[in-house]
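Structure record follows, encoded as structure tokens.
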Amino acid sequence: MQSPIVEFPLRTWQASIEPAMQKQAFETLEGGGVLYFPQLGFDLQDEEKRFLSPSWSDGKSKNIYLRGKERNLRGFAGSEDDALALAALIERYASNAGQLLNGLFPAYAGSMDMSNTSLRPVEAAGRTQSWRHDDSRLHTDAFPSKPTHGRRILRVFCNINPVGKPRQWRVGEPFADMARRFLPRLPPYRPWMARAMYALGITKSRRSEYDHIMLHLHDAQKADAFYQKNAPQVAMPFPPGSTWICFSDQVLHAVMGGQYLLEQTLHLPVAALIEPNHSPLGVLQEMLDRVLI
Ligand SMILES: [Fe+2]
């Protein structure tokens with residue numbers, strides 16, 4: 001398998017980026033690769049280093065995060081002053097991530113919708129979870145209560161581990177190869193059920209056929225132990241002081257270990273893509289020869 005990880009030699013979040021690199025960036029991203037910035041780290045101020053401890057977590061959520069547009073701090077247990085200081089750190093990361101994306105992807109300007117920004121202080125290895133929630137299994141992101149109708153999930157990750165521990169990922173085969181394998185096994189979409197789930201408040205909007213397929217692809221990948229072990233994949237240890245970007249609805253990824261990560265999620269409409277045919281929506285519509293949203 002050709003490595004889906006492409007290195008970019010940036011050292012600052014605010015770099016002015018040449019058109020040739022911008023082209024390589026969008027081709028990598030929309031082509032289902034991972035943009036890897038081995039020299040792009042995020043510095044904590046001395047007084048912020050105290051936040052590198054899982055004891056700030058409220059124990060209910062695995063992440064501490066600033067939620068979407070509200071920007072209130074969730075998942076945190078501490079004083080009001082500590083909450084303000086940590087929110088400032090997370091907000092600074094959000095700002096850097098936004099500047100980096102604007103530099104890399106000028107075609108997306110004005111279309112990217114900033115969502116949650118999180119600090120992940122809990123060790124990722126060895127968390128006991130149901131198979132469906134087990135992110136150490138290869139998967140593409142899809143969330144039961146949040147239909148996207150094709151809108152992309154774009155994520156910027158930065159390892160800030162202070163003692164040299166990498167964020168251990170596995171990256172799987174191209175989305176189309178995975179989809180071809182699992183599509184014939186998925187249950188059919190039932191519009192009445194999608195309407196009922198929305199009416200009952202189980203989903204935040206009506207689940208489209210696209211969302212139905214993405215959710216079942218997520219589950220099918222995770223539930224298949226043979227696939228997990230034998231599918232084409234590469235192991236990638238992202239070291240502290242490095243950053244990486246991908247469409248997590250397209251890149252098959254698994255998190256095997258690591259602690260202290262910053263992460264920014266953004267959403268992007270399919271219409272903003274340069275090559276919408278390469279998106280999961282484009283690929284699935286082509287394979288099934290029908291409109292899915
Ligand atoms: Fe994921």
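Atoms within a ligand are numbered from 1 in the order they appear, just like the ligands themselves.
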Residue Phe143 excluded, over 12 heavy atoms near CZ under 6.0 Å: yes
Residue pair Ser79 / Asp81, side-chain donor-acceptor N/O under 3.5 Å: no
His139: its N/O/S atom lying closest to the Fe ion (ligand 1) (atom name):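 Result: NE2.
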Atom name, Asp141 (N, O or S, nearest to the Fe ion (ligand 1)): OD1
Aromatic ring proximity, centroids under 6.0 angstrom, Tyr93 and Trp13: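 Between Tyr93 and Trp13, which both carry aromatic rings, the centre distance is below 6.0 Å.
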Note: Asp211-Arg206 ion pair, threshold 4.0 Å (strictly below): no
Contact check: Asp135 to the Fe ion (ligand 1), N/O/S below 2.8 Å: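 Asp135 does not place any N, O or S atom closer than 2.8 Å to the Fe ion (ligand 1).
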